[in-house]
J.: 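Quick one: the structure is below, questions incoming.
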Amino acid sequence: MDDFIKKAYAGGLSKTDRRDMVEQYKAEEMKVQNIKAPKGKVLSKEDPLNMPRHKVYNDHICFVECPLCFKCRNFDSSKAECMGCVLFDEALICNTFKHNDKVLNMMIRRERIDLDGIDFQIHYKAKDGVNGYISKIVLPGGQVLLAEDSETGYIDMEQTRHLVGKTVEYFINNDSEGKFIFESLSETGAYTLVTA
């Protein structure tokens with residue numbers, strides 16, 4: 001970097017030198033640090049039992065908590081209910097110009113939580129009342145196994161062997177039949193489901 005600065009003061013920088021100088025500066029200045037906090041460690045300075053949401057609990061149904069500052073994001077000065085609110089009196093209103101949707105989407109990394117407790121999905125296509133085939137299997141993480149041929153409906157079930165004992169949502173013609181336990185898988189690819 002010192003060489004570039006000397007050249008800059010001397011006045012002998014070309015466009016490529018300037019570009020190299022900017023890239024070197026960015027490489028030195030932009031460093032990423034990943035910090036993993038221990039479980040149960042409280043890193044916030046606020047009292048967790050005295051948050052803004054506790055002051056309006058059961059009083060204001062229009063309260064929306066900001067995930068960054070924990071203040072109210074839904075404040076509207078045209079509403080009398082908002083103007084008479086305790087949070088307005090104590091200046092616990094979120095700055096939505098600073099904490100806009102774009103900033104929230106960049107700042108918050110959301111974990112995927114499966115509320116149904118389903119590990120994977122099997123989609124069965126029924127051709128007529130008796131015959132059919134497995135059209136696709138959605139594995140954990142979103143990977144999809146599709147049938148290679150719609151006539152035979154062949155899917156390599158061996159890729160699902162590690163899921164024996166897990167919960168599966170079973171679909172017939174895109175209609176959910178409910179949750180089942182993926183009980184067993186034979187060498188031929190035949191599987192057994194048991195009601196969960």
J.: If you round to the nearest 0.5 Å, how far is CG of Asn95 from SG of Cys66?
T.: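 Reported to 0.5 Å precision, the distance equals 9.5 Å.
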J.: Taking the side chain as every heavy atom from C-beta outward, state whether Val103 and Leu68 have any atom pair closer than 4.5 Å.
T.: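 Yes, at least one pair of side-chain atoms sits under 4.5 Å.
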J.: State whether the side chain of Asn74 and the backbone N or O of Cys62 hold a donor-acceptor pair below 3.5 Å, judged by distance alone.
T.: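 Indeed, once roles are kept as given, a pair shorter than 3.5 Å links the two residues.
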J.: For the residue pair Phe182 and Phe120, categorise the inter-ring angle as parallel (less than 30°), tilted (30 to 60°) or perpendicular (more than 60°).
T.: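 Ring orientation of Phe182 relative to Phe120: perpendicular.
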J.: Kindly indicate whether the side chain of Asn173, heavy atoms from C-beta on, has any atom under 4.5 Å from the side chain of Lys125.
T.: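 Yes, side chains in contact.
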J.: Report whether Ile134 and Phe171 are members of the same hydrophobic cluster (ILVMFWY, side-chain heavy atoms less than 4.5 Å apart, transitive linking).
T.: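 Unlinked, Ile134 and Phe171 end up in two clusters.
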J.: Decide side-chain contact (heavy atoms from CB on, under 4.5 Å) for Ile181 and Thr167; before the verdict, give the C-alpha distance in whole Å, the side-chain angles of both, and the deciding distance to 0.1 Å.
T.: CA-CA 5 Å; Ile181 303 295; Thr167 306; 4.0 Å; yes
J.: Establish whether Leu92 and Phe88 are linked, either directly or via other cluster members, by ILVMFWY side-chain heavy-atom contacts under 4.5 Å.
T.: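 Hydrophobic grouping puts Leu92 with Phe88.
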J.: Closest heavy-atom contact between Arg53 and Phe63?
T.: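 Taking every non-hydrogen atom into account, CB-CE2, 3.5 Å.
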J.: Is a side-chain donor or acceptor of Ser135 paired with a backbone partner of His123 at a separation under 3.5 angstrom?
T.: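 Confirmed, Ser135 side chain pairs with His123 backbone.
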J.: Quick one: closest heavy-atom pair of Ile93 and Phe75, and the distance?
T.: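 Where Ile93 meets Phe75 most closely, the heavy atoms are CG2-CB, 3.5 Å.
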J.: For residues Tyr124 and Leu185: do they belong to one hydrophobic cluster (side chain heavy atoms under 4.5 Å, members Ile, Leu, Val, Met, Phe, Trp, Tyr)?
T.: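 In one cluster: yes.
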J.: Measuring from Lys71:NZ to Glu90:CD, what's the distance to the nearest 0.5 Å?
T.: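 Atom-to-atom, Lys71:NZ and Glu90:CD are 11.0 Å apart.
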J.: Over all heavy atoms of both residues, which pair between Tyr170 and Leu193 is shortest? Give the atoms and the distance, please.
T.: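 Looks like CD1-CD1, 3.5 Å.
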J.: Looking at every non-hydrogen atom in both residues, tell me the closest pair between Asp101 and Arg73 and how far apart they are.
T.: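 Shortest heavy-atom separation between Asp101 and Arg73 comes out as OD1-NH2, 3.6 Å.
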J.: Of all residues at least two apart in sequence or in a different chain, which pass the side chain to side chain contact (heavy atoms under 4.5 Å, CB included) check with Ser186?
T.: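 Testing Ser186 for side chain to side chain contact (heavy atoms under 4.5 Å, CB included), a comparison that skips the adjacent residues, returns Thr188, Ala190.
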J.: Check whether more than 12 heavy atoms from other residues, nucleotides or ligands sit under 6.0 Å from atom NZ of Lys55, and answer yes or no.
T.: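 Yes, enclosed.
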J.: Work out which heavy atom in Cys85 is nearest to a heavy atom in Val56; give both atom names and the distance.
T.: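 Distance-wise, the nearest heavy atoms are SG-CG1, 3.8 Å.
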J.: Same cluster or not: are Met83 and Val86 linked, directly or through other Ile, Leu, Val, Met, Phe, Trp or Tyr residues, by side-chain heavy atoms under 4.5 angstrom apart?
T.: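 In one cluster: no.
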J.: For residues Ile172 and Ala126, report the shortest heavy-atom separation together with the two atoms involved.
T.: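 Scanning both residues, the minimum pair turns out to be CG2-CB, 4.3 Å.
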